[in-house]
Amino acid sequence: MLKRIVAVLLCAVFISALMPIANITDTAFASDYNFDERIMYGGVAVDVGTDVIYNENGALYRKNSDGEVEKIAEVDGKYLNYYKNKLFFVNGNKIMSCSPDGSRMVTVCEFKTEIKCLYVGDFGMMYLKNDTVFVNENGVEKTVLTRDGIEGFFPEQSGEIRWIKKNPNYIYVENNGDEGFVDGNDEYLQYRSVPNSEMDCDVLALYGTELAEETITPDYFGPYVKVGETTLPLEEHMPGTYFSKNGQACTCHNIPGTYCIESVGSCNCMRYYPTGIKATCEVDLLGAQCFAFARMIFWKCFGFIDHTMNSGLYYNVGTLKSGGVTANTVKELLMKAAPGAHVRLAAGHSVSILSMDEDFIVIYHGNAGGDGVQSAPCIVSTRRYTWAQFATAAVRGIQYVNMPYNYPDSEIILTKKETGFYRLAESLNLRAEANTETESLAVINKGTVIEVTEIDGYWGKTEYNGKIGWVFLQYTAFFSRKEIAPSGDVFYIDGSGYLKAKSWKMTFDSFSEHFNKQNLKVKSASGKDLMTSGYIGTGSVVTIEVNGNTIDKATVCLAGDVNCNGSLDVGDYIMIKRSCMKTYNLNPVQTVAADVYGNDGIDSLDYLMVRRYFFTPNVELFSSF
């Protein structure tokens, strides 16, 4: 089986290196528009500013930020796109468009068969018809990819196509029974394909970062939240620790054919908390891994687990179907919950809510990485997301958000503050000194983002409208640190200011987990937004922006990734070899990426090392990078 996977991976790598010239017209669409992955799962909702336009019962509705709903069109519109101030959507065998208020409804084109999965950009339109993906520009239709059983697709920024088909082993379990034991498989299988390639060269798309051999426990500055008598994060389960029977990672997590939840009695995963033994435990969590961790947090906060045996004690705040998860809809749903709530993502992951504000949600979870903690079996972490980032993480839907009927009081605990940027949750006085007894120099309006340059207890020193004073930080939310600084062991910044790493195929979600409390934006070398799709590649520019101003920026440089597509492939090997032969000139950032041997020059040692990696894929080959 392992040989088969390696063969498939190498086949895809070699084809992707050989095909760009032949398919450049067909793959150009990927860089023309920042696509939204929710369309692959139905696309029944889309954000339009602070409003949401969505499909319900065969009609289009628009909901504003105050919750007011207006029907805008009596049409069954799916696979919603918002592009250049117009809505585009599929209605059966038609592609239609209208204004955001429902007016100016027109049929863009009509076919003899049903259309699925519409993407609209400068290139024209891309859609799924029968088992084939087409791109249509000015009425000229070209084939992109044909696959049996394809249910939906997503055009990657790299030019590849990610597509899904039904998983024959999927079992749907209604809400809150013993689902921890049976829902480990996903509803869809995902594949990544090169346009116009053969199916034998498809790669099963597995997402997430590579597992760390060693995890660095980060300094934790909060937030801390008190729910009743329980303080989160728990002292015994701080970020970087392991939720397992012996406080170490489970060694059978990644063994092919092993399913830890089914074999929880014979593996290291925790079910019987906290002893790991049924006879001596305080609670049977009836699950394992991230699911058991979320149930344990629920039990700590509320005194019982969210299982059908306790169905009269808790309720589900709501659900979001796949295709309906946007930044606005997920924020609206989760703001109805509170710290300690168990959020079950349809992708098969459970998280607990730690804190929320207008900009961010902070989650607390097991069996996954987060701010400063790299993903590893049984690892515990917190993770701060913007609402748009969390919508991307939850794109396949939210099955439930469990809350107790009798919710205890909760509050954010004042913790050690740090310099950086804060958004005011209320209008606050700018005091002459760090206490409430001194003169108010000005009133700073709610929603303003201020820069705090000095800390005195819970007070922060800032400048506002030319006046320097102090603000009480209890009524603010931390927005971002001032500088781009890696918080894990994957990235480092070299003496020239390059943000370097020996890691590839990182989405924005997996990339940003290595930058604790930094509100990052990332664009590709060509200026395309990478926040919702595409790989972070060499030449990508990372910025921290506050109030429209760039506060700090860095350029990404990945080992060997000289073609800047975020992956290490044969194309990189060819470019490095040609550079050594003086037949191709690399730009400065490509030159840094090519020097994988670390001898401050491009020579045969570099391209031979990249070639060796294809046969022995070990990142330690690039230890000198």
Side-chain angles (χ1 to χ4, degrees), residues 36 38-39 41-82 85-87 89 98-103 105 175 314-346 351 353-363 385-407 410 412 423-427 445-448 475 477 479 532:
D36 192 332
R38 73 189 163 79
I39 295 173
Y41 296 97
V44 294
V46 63
D47 288 337
V48 178
T50 58
D51 294 356
V52 178
I53 295 179
Y54 62 95
N55 177 299
E56 187 173 273
N57 299 323
L60 292 179
Y61 295 84
R62 181 165 182 157
K63 179 189 288 187
N64 65 24
S65 56
D66 294 325
E68 298 170 337
V69 177
E70 172 191 9
K71 181 188 286 189
I72 62 171
E74 194 71 50
V75 60
D76 189 12
K78 297 175 181 176
Y79 306 103
L80 290 161
N81 286 243
Y82 183 57
N85 299 317
K86 282 186 179 181
L87 286 176
F89 54 87
C98 67
S99 298
D101 61 1
S103 63
M105 185 79 64
N175 215 339
Y314 71 96
Y315 66 101
N316 175 15
V317 167
T319 63
L320 282 176
K321 295 181 180 179
S322 60
V325 180
T326 70
N328 290 340
T329 59
V330 76
K331 180 179 179 180
E332 179 186 21
L333 173 64
L334 295 186
M335 279 294 194
K336 297 174 184 176
H342 177 181
V343 181
R344 182 64 179 175
L345 306 181
V351 305
I353 296 175
L354 188 57
S355 69
M356 299 177 288
D357 58 44
E358 286 299 310
D359 299 301
F360 302 101
I361 176 172
V362 181
I363 56 101
Y385 291 92
T386 65
W387 288 106
Q389 291 166 7
F390 192 75
T392 300
V395 69
R396 279 173 266 181
I398 294 177
Q399 290 183 341
Y400 53 82
V401 183
N402 286 341
M403 280 278 290
Y405 279 111
N406 296 313
Y407 187 81
S410 67
I412 301 291
R423 185 188 294 277
L424 274 61
E426 304 290 342
S427 295
N445 292 331
K446 174 183 177 180
T448 303
Y475 304 107
F479 186 77
T532 60

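All residue numbers in this chain count up from 1 along the given sequence. Only this structure's heavy atoms are used, side chains among them; waters, hydrogens and symmetry mates stay out.
The minimum heavy-atom distance linking Tyr315 with Pro404 is given by the pair CE2-O, 3.5 Å. Heavy-atom minimum distance, Ala341 versus Val401: CB-CG1, 4.3 Å. The heavy-atom pair separating Met403 from Val317 by the smallest distance is CG-CG2, 3.7 Å. Of all the heavy atoms in Ile361 and Ile353, the pair that sits closest is CD1-CG1, 4.5 Å.
With sequence neighbours left out, Ala59 forms a side-chain contact (heavy atoms from CB on, under 4.5 Å) with Tyr61, Lys71, Glu74. The side chain to side chain donor-acceptor pair (under 3.5 Å) test applied to Asn445 returns no partner, not counting sequence neighbours. For Lys446, the side-chain contact (heavy atoms from CB on, under 4.5 Å) criterion is met by Ser427, not counting sequence neighbours. Applying the side-chain contact (heavy atoms from CB on, under 4.5 Å) rule to Ala391 yields the partners Val325, Val330; only residues at least two apart in sequence or on another chain are considered. Residues satisfying the side chain to side chain donor-acceptor pair (under 3.5 Å) test with Asp66, not counting sequence neighbours, are none. Every residue two or more places apart in sequence or in another chain that forms a side-chain contact (heavy atoms from CB on, under 4.5 Å) with Asp47 is listed here: Val52, Thr326, Ala327, Asn328. Not counting sequence neighbours, Phe89 has no partner by the ring-ring contact (aromatic ring centres under 6.0 Å, His included) test. Listed by chain and residue number, Tyr188 satisfy the ring-ring contact (aromatic ring centres under 6.0 Å, His included) test with Tyr41 (two or more places apart in sequence, or in another chain). With sequence neighbours excluded, the residues that form a salt bridge (Lys or Arg N to Asp or Glu O under 4.0 Å) with Asp359 are Arg423.
The structure places CD1 of Ile363 at 10.5 Å from OG of Ser355, a figure rounded to the nearest 0.5 Å. In this structure, CE on Met105 lies 7.0 Å from CD1 on Ile72, to the nearest 0.5 angstrom. Here the straight-line distance linking atom CD1 of Ile398 with atom CG of Leu334 works out to 5.0 Å at 0.5 Å rounding.
Without hydrogens or angle criteria, Arg38 side chain to Ala45 main chain gives a donor-acceptor distance under 3.5 Å. Looking at Trp387, its side chain does come within 3.5 Å of a backbone N or O of Asp357 through a donor-acceptor pair. Side chain of Asn81 to main chain of Tyr79: a donor-acceptor pair is present (N/O by atom type, distance under 3.5 Å, no hydrogens or angles). Of the possible donor and acceptor atoms, one in the side chain of Asn55 sits under 3.5 Å from a partner among the backbone N and O of Gly77.
Between Tyr400 and His342 the shortest side-chain heavy-atom distance falls below 4.5 Å.
The salt bridge (charged side-chain N to carboxylate O under 4.0 Å, His left out) contacts involving residues 323-333 comprise Lys63-Glu332, Lys331-Glu358, where partners must be two or more places apart or lie in separate chains. Listed by first and then second residue, the salt bridge (charged side-chain N to carboxylate O under 4.0 Å, His left out) pairs involving residues 315-328 amount to none (not counting sequence neighbours).
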